[in-house]
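Notes follow the structure.
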Amino acid sequence: QVHLVESGGGLVQAGGSLRLSCAVSGNTFGWRYMGWFRQAPGKEREFVAAISWVVSSSYYADSVKGRFTISKDNAKNTMFLQMNSLKPEDTAVYYCATTPGVMTTSHANYDYWGQGTQVTVSS
């Protein structure tokens, strides 16, 4: 199994910044992408960003382009999501996940998930 654990969530004022971390452990195999998703109350889980573990190619949802940055440290088995210029609509539970093969924005194609970390942005 692959184990993912998110951390770094919290309460922040609009316009502020927060950095989320995702620690990866267990058995990994094959070509994979790592991704961030978020889910607000009453809403479907939505794609935020993804990165290739091998070549570091990154992808972003239009709603976060220019504000969020995805990165990773292979030696430390950790992925990050730097969130700047936060807005109240960014409030959600944020999840890290992984998918084999090719990059995808569909949560149904991700086979391992973390437990989630709450991000709350106040007005």
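At distances below 3.5 Å, at least one donor-acceptor pair connects side-chain atoms of Thr91 with backbone N or O atoms of Val121. Side-chain atoms of Glu6 come within 3.5 Å of backbone N or O of Cys96 as a donor-acceptor pair. Counting only distance, with no hydrogens or angles, the side chain of Thr78 and the backbone of Lys76 share a donor-acceptor pair below 3.5 Å.
Relative ring orientation between Phe47 and Phe37 is described as perpendicular, the plane-to-plane angle rising above 60° on a 0-90° scale split at 30° and 60°.
For the pair Thr120 and Val12, the minimum side-chain heavy-atom distance is 4.5 Å or more. Using a 4.5 Å heavy-atom cutoff, the side chains of Val48 and Leu81 are in contact. Looking at Gln118 and Tyr94, their side chains never come closer than 4.5 Å, going by heavy atoms from C-beta outward. The side-chain heavy atoms of His107 and Thr105, taken from C-beta on, include no pair separated by under 4.5 Å. Using a 4.5 Å cut-off on side-chain heavy atoms (C-beta onward), Leu4 and Met34 make contact. By the 4.5 Å heavy-atom criterion applied to side chains, Asp111 and Pro100 are counted as neighbours. A heavy-atom distance below 4.5 Å is not found between the side chains of Thr99 and Arg32.
Note: Lys65 NZ to Tyr60 OH = 10.5 Å, rounded to the nearest 0.5 Å. Taken from NZ in Lys72 to CD1 in Ile51, the straight-line distance is 5.5 Å, to the nearest 0.5 Å. One distance of note links CG of Leu20 with CE of Met79; it measures 9.5 Å at 0.5 Å rounding. Here the straight-line distance linking atom CZ of Phe80 with atom OG of Ser7 works out to 9.0 Å at 0.5 Å rounding. The line from OG of Ser57 to CE of Met103 is 10.5 Å long, rounded to the nearest 0.5 Å. Residue His3 holds its NE2 atom at 5.5 Å from OG of Ser25, rounded to the nearest 0.5 Å.
Taking every heavy atom of both residues into account, Gly8 and Leu18 meet most closely at O-CG, 3.5 Å. Residues Tyr110 and Thr104 come closest through the heavy atom pair OH-O, 2.7 Å. Here the closest heavy-atom approach between residue Val119 and residue Met83 is recorded as CG2-CE, 3.9 Å. In this structure, Ala92 and Ala40 approach most closely via the heavy-atom pair CB-N, 3.8 Å.
Summarising the local packing, CD of Glu44 is surrounded by 12 or fewer heavy atoms from other residues, nucleotides or ligands at distances under 6.0 Å.
Tested against Thr98, the residues Tyr33, Tyr112, Trp53, Trp113 include a single side-chain contact (heavy atoms from CB on, under 4.5 Å) partner, Tyr112.
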Working for side-chain contact (heavy atoms from CB on, under 4.5 Å), residues Thr117 and Val93: CA-CA 5 Å; Thr117 185; Val93 176; over 6 Å; no
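Side chains of Asn84 and Ser17: a donor-acceptor N/O pair is present below 3.5 angstrom, by distance only.
Both the sub-6.0 Å distance and the 45° axial angle are not jointly satisfied by Arg38 relative to the ring of Tyr95.
Comment: Asp90 does not engage Lys87 in a salt bridge, judged by the lack of any side-chain N to carboxylate O separation of less than 4.0 angstrom.
Linking ILVMFWY side-chain heavy atoms closer than 4.5 Å, directly or via other members, places Tyr59 and Val55 in a single hydrophobic cluster.
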